[in-house]
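As the structure is a prediction and not an experimental result, all values here were calculated from the model.
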Amino acid sequence: MSAKYLHIGLPVTNKKPGMTYAEPLKLWMSNPDDYDYKIEYLKFEEGGPFPEIMHKNPHVAYEVDDAEPYLKDADEVIFGPVTNDDGSRMAFIIKDCAIIELIEKK
């Protein structure tokens, strides 16, 4: 298993400049590349698909070659996996009390 760090996701209650809206996810998000520390700010709206735990807690995102071993090793899968518009797969898991985003690019 090999994972490459991508960003940390931080939930916020107020929109930050430059955030974009993802309609199907009911989520405002910033681009992690806009911040030196690779921070993705997230403002969740009511009725979106993400579990409440993500609305209040940070996550760490990793790019992985194959998400399956990580999904099997997770304490809990809390979202996904889903296929994104670009063909990548995304899932959120809990492992050792941490929320981890897995991005699998093919």
Audit row: D66, E104, side-chain contact (heavy atoms from CB on, under 4.5 Å) steps and yes/no: CA-CA 6 Å; D66 182 7; E104 178 188 279; 3.6 Å; yes

M54 with V82, same ILVMFWY side-chain cluster at under 4.5 Å: yes

Going hydrophobic residue to hydrophobic residue with side-chain gaps under 4.5 angstrom, can you get from V64 over to F79? no

Heavy-atom pair with the smallest gap, counting every atom of E101 and E40: OE1-OE1, 4.3 Å

Apply side-chain contact (heavy atoms from CB on, under 4.5 Å) to residues D75 and I93 and explain how you reach the verdict. CA-CA 7 Å; D75 297 334; I93 64 170; over 6 Å; no

Do I99 and L42 share a hydrophobic cluster (ILVMFWY, side-chain heavy atoms under 4.5 Å, transitive)? yes

Do you know the tightest heavy-atom contact between N14 and K43? C-CD, 4.1 Å

Taking the side chain from S30 and the backbone from Y41, do they hold a donor-acceptor pair closer than 3.5 Å? yes

Same cluster (ILVMFWY, side-chain, under 4.5 Å), I8 and W28: yes

Geometric class of the F92/H59 ring pair [parallel <30°, tilted 30-60°, perpendicular >60°]: perpendicular

With rounding to the nearest 0.5 angstrom, report the CD1 to CD1 distance, I78 to I53. 5.5 Å

Filter on salt bridge (Lys or Arg N to Asp or Glu O under 4.0 Å), then keep only pairs touching residues 6-29, sequence neighbours left out; what's left? none

Flag yes if more than 12 heavy atoms outside Y37 fall under 6.0 Å of its OH atom; otherwise flag no. no

Closest non-hydrogen atom pair, A74 against V77: CB-CG2, 4.4 Å

Check: Y62 ring centre within less than 6.0 Å of Y70 ring centre: no

From CG (L10) to CG (N57), nearest 0.5 Å: 10.5 Å

Side chain to side chain contact (heavy atoms under 4.5 Å, CB included), paired with P81, selected from L71, L102, I103: L71

Under a 4.5 Å side-chain heavy-atom rule over Ile, Leu, Val, Met, Phe, Trp and Tyr, are L27 and Y35 clustered together? no

Check the pair E68, R89 against side-chain contact (heavy atoms from CB on, under 4.5 Å), reporting the backbone distance first and the verdict last. CA-CA 11 Å; E68 291 308 315; R89 283 194 335 150; 2.7 Å; yes

Looking at S88, is its backbone amide N or carbonyl O close enough to the side chain of D86 to form a donor-acceptor pair, meaning the two atoms are under 3.5 Å apart? yes

Donor-acceptor contact below 3.5 Å, side chain H55 vs main chain F50: yes

Going by heavy atoms in the side chains, are T20 and M29 under 4.5 Å from each other? yes

Between D73 (side chain) and P69 (backbone), is there a donor-acceptor pair under 3.5 Å? no

What's the spacing between K105 NZ and D65 CG if we round to 0.5 Å? 11.5 Å

For residues E45 and Y21, is any side-chain donor paired with an opposing acceptor at under 3.5 Å? yes

